[in-house]
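Excluded from the calculations below are hydrogen atoms, water molecules and symmetry mates; all remaining heavy atoms, backbone and side chain alike, are included.
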Amino acid sequence: MSDKITIKVINEGGQPLPGYATKNAAGMDVRADLETPVEIAPGCRMLIPTGLRVQIPEGYEMQMRPRSGLALKHGITLVNTPGTIDADYRGPVGVILINLSDTPFVVQPGERICQAVVAPVMHVEWVQTDTLTETDRGEGGFGHTGVK
């Protein structure tokens, strides 16, 4: 088992707090805090509230990621994946879902809509230069190694 950190949370909606579905899960399931079901039409996006406000410790972030089952079975994903909750944000946590399928999708109250992963943050100090070291790959990108 990895180390744990403590995160303060205000649960304004009363849904169960995010939790790990299995012992080795990296992400915690986050639920929709809705009073009634909402429909997301094909090609449309919607901000879904979670009812949560969090205090992420300094030096960490909380990433909001899609659930693979919703993506595969219903074409539901997050528009800005991964969405980042910064350590200094204290507002309500919302999730922007998008329906990439050709059929409407109904989000139910309490439905697990995404996963939250807490990760350390590294800040960068840029060093401006005129050259970079050579590598075998060089400038190859966007499919330069082929498909097989």
Mind checking the [atom1]-[atom2] spacing from [X] to [Y]? Nearest 0.5 Å is all I need.
{"X": "C44", "Y": "E39", "atom1": "SG", "atom2": "CD", "result": "9.5 Å"}
{"X": "I96", "Y": "I113", "atom1": "CD1", "atom2": "CD1", "result": "11.0 Å"}
{"X": "K73", "Y": "F105", "atom1": "NZ", "atom2": "CZ", "result": "10.5 Å"}
{"X": "Q55", "Y": "T6", "atom1": "CD", "atom2": "OG1", "result": "11.0 Å"}
{"X": "R112", "Y": "R67", "atom1": "CZ", "atom2": "CZ", "result": "4.0 Å"}

Below 4.5 Å, heavy atoms only, C-beta onward: do [X] and [Y] meet side chain to side chain?
{"X": "V118", "Y": "M28", "result": "yes"}
{"X": "L52", "Y": "P18", "result": "yes"}
{"X": "K8", "Y": "V54", "result": "no"}
{"X": "P49", "Y": "P92", "result": "no"}
{"X": "T36", "Y": "P109", "result": "no"}
{"X": "R53", "Y": "R90", "result": "no"}

* To do: Start with the C-alpha distance between I98 and I76, add both sets of side-chain angles, then the distance that settles side chain to side chain contact (heavy atoms under 4.5 Å, CB included), and finish with yes or no.
  => CA-CA 6 Å; I98 188 167; I76 301 298; over 6 Å; no
Quick check: closest heavy atoms across [X] and [Y], and the distance to 0.1 Å?
{"X": "A87", "Y": "Y60", "result": "CB-O, 3.7 Å"}
{"X": "P42", "Y": "S101", "result": "CB-O, 3.3 Å"}
{"X": "A21", "Y": "A25", "result": "N-CB, 4.3 Å"}

* Establish, from distance only, whether the side-chain atoms of N24 and T22 form a donor-acceptor pair under 3.5 Å. => no
* Asked: Does any donor atom in the side chain of T84 or E61 lie under 3.5 Å from an acceptor atom in the other side chain?
  -> yes
Please say yes or no: joined through hydrophobic side-chain contacts below 4.5 Å, possibly via intermediate residues, are [X] and [Y] part of one cluster?
{"X": "L70", "Y": "V79", "result": "no"}
{"X": "M64", "Y": "Y20", "result": "yes"}
{"X": "V30", "Y": "L17", "result": "yes"}
{"X": "L47", "Y": "V106", "result": "no"}

* To do: Report the C-alpha separation of V38 and M46 in whole Å, then their side-chain angles, then the decisive distance to 0.1 Å, and conclude whether the side chain to side chain contact (heavy atoms under 4.5 Å, CB included) test is met.
  => CA-CA 9 Å; V38 297; M46 185 175 291; 3.8 Å; yes
* Between I40 and L97, does a side chain to side chain contact (heavy atoms under 4.5 Å, CB included) hold up when you go through it step by step? -> CA-CA 8 Å; I40 305 175; L97 294 183; 3.8 Å; yes
* Asked: Where do L78 and V95 land on the side chain to side chain contact (heavy atoms under 4.5 Å, CB included) test, with the steps shown first?
  -> CA-CA 7 Å; L78 278 64; V95 178; 3.8 Å; yes
* Backbone N/O of Y89 and side chain of D86: donor-acceptor pair under 3.5 Å -> no
* Measure from the side-chain N and O atoms of R31 to the backbone N and O of G110, and report whether any donor-acceptor pair falls under 3.5 Å. => yes
* To do: Name all pairs fulfilling the side-chain hydrogen bond (donor to acceptor under 3.5 Å, both in side chains) condition that reach into residues 74-83, sequence neighbours left out, sorted by first residue then second.
  => none
* From the options I5, I7, V121, select the one residue that forms a side chain to side chain contact (heavy atoms under 4.5 Å, CB included) with I56. => I7
